[in-house]
Undergrad: 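Submitted below is the structure of interest, expressed as structure tokens.
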Amino acid sequence: MNVQINCGSQVKGTVSISGAKNAIIPLLCASLLAKGKVLFKNVPKITDVTATCEVLRKIGCKVFFKGHYLLVDNTYLKYKPLLFDECIKMRGLYYLIGVFLTLFSKCEIYMPGGCKIGKRPIDIHLKAFEDMGYECVVKEKILKITRRTVLSDINISLKDRSVGATINSILAGLSFNSYKIDNTLLEPEGADVICFLKKIGYPIYVSNSLIQYKKIPIEFKFIKHKVIPDRIETLSYLLLGLLKGEILVKGVNLNHIDQPLNLLIEAGYDIKIEEKGIRVKKSTGKGMVIETKPYPDFPTDMQSIFGVLCACQKESSIIVENIFENRMQIYQDLINSGVNCIVEGNKVTINGGSIDIKRSYSACDLRHGMALILISCIENKKVIIENFDYVLRGYDDIFNKLKGIGIFVKNIR
Ligand code: EPU
């Protein structure tokens, strides 16, 4: 889908933040482990959620999605090889591996491929499954996991820190009597999954990088869970306001954005924490030095979006991407638009310059797409963004939310 962005001279209004994409996907997968129906609240209507619902239906679940409520009834869930196209397109569906290992002690799924932001191997996940007594074989792009040894108590350490491998190991180990998983990496979304798993009857304890679990009998019950606010969506709208107008961003969790928010405050941007939310006003800030690192440090998902804000400042900024090997596309767009950026591998020095916004840009991943929305708003002219579908994968109700603050997005194909 290609869209035309038409940003008026003034961006002004209120934006309410939706549930976190990177929480709801593992949560939906984890709902298969509940004994009873599950009602999720604050669910973002994004295409990654609708694709996950499709897969849950294909394996026998009943899924009802209305407004921001989503009900999963897994009564008729059946084992099936997960050889669905959605599993190739959407990496987050690999959380079904952990769930299937707990439920069925086996799993067959398309190997999640690399993507524009990097190769994204899943070796840390596979090593953890092997340490739990499973055998993992990849043949013709299909990953087949079967039980090799029956173990009762697991004590493993992840071979490297990974958000996805942490969540997948937490899910995969729930059929064992107990586990200890060390060297884990929990961001707020993973912590939300643990909160949900506790509600449905799996006692999981976290101390630093060690996660422990000890099985207890599980009762049938109806579970409700409210998804945490999306910290990346929160920061994205805050930056739009700082760049272009005045926005009150509501429904945020301040703890989850502490580091990037302080960075902006220290750089001198106009940010006020109010009872209702965070109010930001168009302002200029000092140059920033940003290095992406796991939570609670600076999130990789905000790197390109901050890059656009830095390009509009007088002072130079330096940004280093440490998590993904290929997440620097936005700087080429900025260079093509007249900004003086010096890219050396995964480090960029942004020296500003006079920006000459192009007629069109092309998104190559979700966050790059949001960064392009920011570029499109710098001047008051109409800009085309190609491949806008990427943005719809992770930003809830984006057409209406942008319209509400004076940015009009028209689908042109
Ligand atoms: N890695 C490996 N082997 C593995 C797993 C990861 O080498 O087995 C590498 C990755 O290639 C990457 C680094 O380790 O270079 C970190 O990967 P990690 O597993 O921590 O991240 P992820 O689970 O793949 C999730 C989010 C990302 C977000 C990162 C960091 C989902 C579906 N994805 O990725 O979200 O950037 O954590 O917070 O939850 C996005 O929302 O746009 C997005 C990319």
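Only a predicted model underlies this, so the values are computations on that prediction, with no experimental measurement involved. Whatever order the structure lists them in is the order used to number ligands and atoms, beginning at 1.
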Undergrad: Is it the side chain (CB and beyond), the backbone, both or neither of Arg161 that lies under 4.0 Å from ligand 1, heavy atoms counted?
TA: neither
Undergrad: Within the supplied structure, the quantity of interest is the number of heavy atoms (other residues, nucleotides, ligands) at a distance under 6.0 Å from Tyr76 OH; does it exceed 12?
TA: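 No.
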Undergrad: Tell me: protein heavy atom nearest atom 20 (O) of ligand 1, and distance?
TA: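 Protein heavy atom with the smallest distance to atom 20 (O) of ligand 1: Val163 N, 2.8 Å.
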Undergrad: Taking only non-hydrogen atoms of Met90, do any sit less than 4.0 angstrom from ligand 1?
TA: no
Undergrad: For the backbone of Gly406 and the side chain of Lys12, can you confirm whether one donor and one acceptor N or O come within less than 3.5 Å of each other?
TA: no
Undergrad: Taking C-beta and beyond as the side chain, do Lys116 and Cys364 meet within less than 4.5 Å on heavy atoms?
TA: yes
Undergrad: Is the closest protein non-hydrogen atom to atom 14 (O) of ligand 1 under 4.0 Å?
TA: no
Undergrad: Side chain to side chain contact (heavy atoms under 4.5 Å, CB included) for Leu239 and Met370? Distances and angles first, verdict last.
TA: CA-CA 11 Å; Leu239 263 65; Met370 178 45 90; over 6 Å; no
Undergrad: I need the atoms of ligand 1 closer than 4.0 Å to a non-hydrogen atom of Tyr94, numbered in the order shown.
TA: 23 (O), 24 (O)
Undergrad: Could you tell me which non-hydrogen atom of Asn168 sits nearest to which non-hydrogen atom of Gly98, and how far apart they are?
TA: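 Result for this residue pair: OD1-N, 3.0 Å.
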Undergrad: May I ask you to identify the nearest protein heavy atom to atom 19 (O) of ligand 1, giving residue, atom name and distance to one decimal place in Å?
TA: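 So the nearest neighbour among protein heavy atoms is Ser162 OG, 2.7 Å.
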Undergrad: Using a strict cut-off of 4.0 Å, indicate which atoms of ligand 1 neighbour a heavy atom of Ile122.
TA: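 Going through ligand 1 atom by atom, the ones under 4.0 Å from Ile122 are 4 (C), 8 (O).
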Undergrad: Polar-atom distance check: Ile124 versus ligand 1, any N or O pair below 3.5 Å?
TA: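 Yes, Ile124 has an N/O under 3.5 Å of an N/O on ligand 1.
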Undergrad: I'd like to know whether ligand 1 has Arg91 as a neighbour, heavy-atom separation below 4.0 Å.
TA: no
Undergrad: If I take atom SG from residue Cys87 and atom CG from residue Leu96, how far apart are they, to the nearest 0.5 angstrom?
TA: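 It comes to 6.5 Å.
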Undergrad: Pairs of nitrogen or oxygen atoms closer than 3.5 Å, one from Arg120 and one from ligand 1: do any exist?
TA: yes
Undergrad: Testing the 3.5 Å rule here: is there a donor-acceptor pair between the side chains of Asp396 and Ser18?
TA: yes
Undergrad: Please say whether more than 12 non-hydrogen atoms of neighbouring residues, nucleotides or ligands are located less than 6.0 Å from NZ in Lys45.
TA: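 For Lys45, atom NZ is crowded (more than 12 foreign heavy atoms under 6.0 Å).
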Undergrad: Just jot down the ligand 1 atoms closer than 4.0 angstrom to any heavy atom of Gly164, in number order.
TA: 19 (O), 23 (O)
Undergrad: Of the protein's non-hydrogen atoms, which lies at the shortest distance from atom 3 (N) of ligand 1, and what is that distance?
TA: Asp123 OD1, 2.7 Å
Undergrad: Could you list which atoms of ligand 1 come closer than 4.0 Å to a heavy atom of Ile323?
TA: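 Selected atoms, number and element: 12 (C), 13 (C), 15 (O), 16 (C).
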Undergrad: Using modelled atom types and a 3.5 Å cut-off, is there a donor and acceptor pairing between side-chain atoms of Glu386 and backbone atoms of Ser360?
TA: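 Such a contact is absent between Glu386 side chain and Ser360 backbone.
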Undergrad: Give the numbers and elements of all ligand 1 atoms closer than 4.0 Å to a heavy atom of Thr300.
TA: 30 (C), 36 (O)
Undergrad: Hey, which atoms in ligand 1 end up nearer than 4.0 Å to a heavy atom of Arg367?
TA: 40 (C), 41 (O), 42 (O)
Undergrad: Considering non-hydrogen atoms of the protein only, which is the closest contact for atom 44 (C) of ligand 1, and what is the distance?
TA: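 Closest protein heavy atom to atom 44 (C) of ligand 1: Arg327 NH2, 3.4 Å.
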Undergrad: Under 4.0 angstrom from ligand 1, any heavy atom of Pro121?
TA: yes
Undergrad: Just which atoms of ligand 1 are under 4.0 Å from any heavy atom in Asp301?
TA: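 Numbered from 1, ligand 1 contributes 28 (C), 35 (O), 36 (O), 40 (C), 41 (O), 42 (O), 43 (C), 44 (C).
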Undergrad: Does the side chain of Tyr179 come under 3.5 Å of the side chain of Ser169 through a donor N or O and an acceptor N or O?
TA: no
Undergrad: Given that the side chain starts at C-beta and the backbone is N, CA, C, O, which of these parts of Arg393 lies under 4.0 Å from ligand 1, counting heavy atoms, or is it both or neither?
TA: neither
Undergrad: Does Lys106 count as lying over the ring of Tyr79, i.e. NZ or CZ under 6.0 Å from the six-ring centre, within 45 degrees of the axis?
TA: yes
Undergrad: Tell me, which protein residue and heavy-atom name are nearest atom 26 (C) of ligand 1, and how many Å apart are they?
TA: Asn22 ND2, 3.5 Å
Undergrad: Does the side chain of Ile218 come within less than 4.5 Å of Ile200's, by heavy atoms?
TA: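 Sidechains of Ile218 and Ile200: no contact.
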Undergrad: So with a 6.0 Å cut-off around CG of Asn411, is the heavy-atom count from everything else above 12?
TA: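 Yes, the 6.0 Å shell around CG holds more than 12 heavy atoms from other groups.
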Undergrad: Ile265 and Ile271: which non-hydrogen atoms are nearest, and at how many Å?
TA: CG1-CD1, 4.0 Å
Undergrad: By number and element, which atoms of ligand 1 are closer than 4.0 Å to a non-hydrogen atom of Glu187?
TA: 30 (C), 38 (O)
Undergrad: Less than 4.0 Å from atom 9 (C) of ligand 1, is there any heavy atom belonging to the protein?
TA: no
Undergrad: Going by distance only, is there an N or O of Ile117 that falls short of 3.5 Å from an N or O of ligand 1?
TA: no
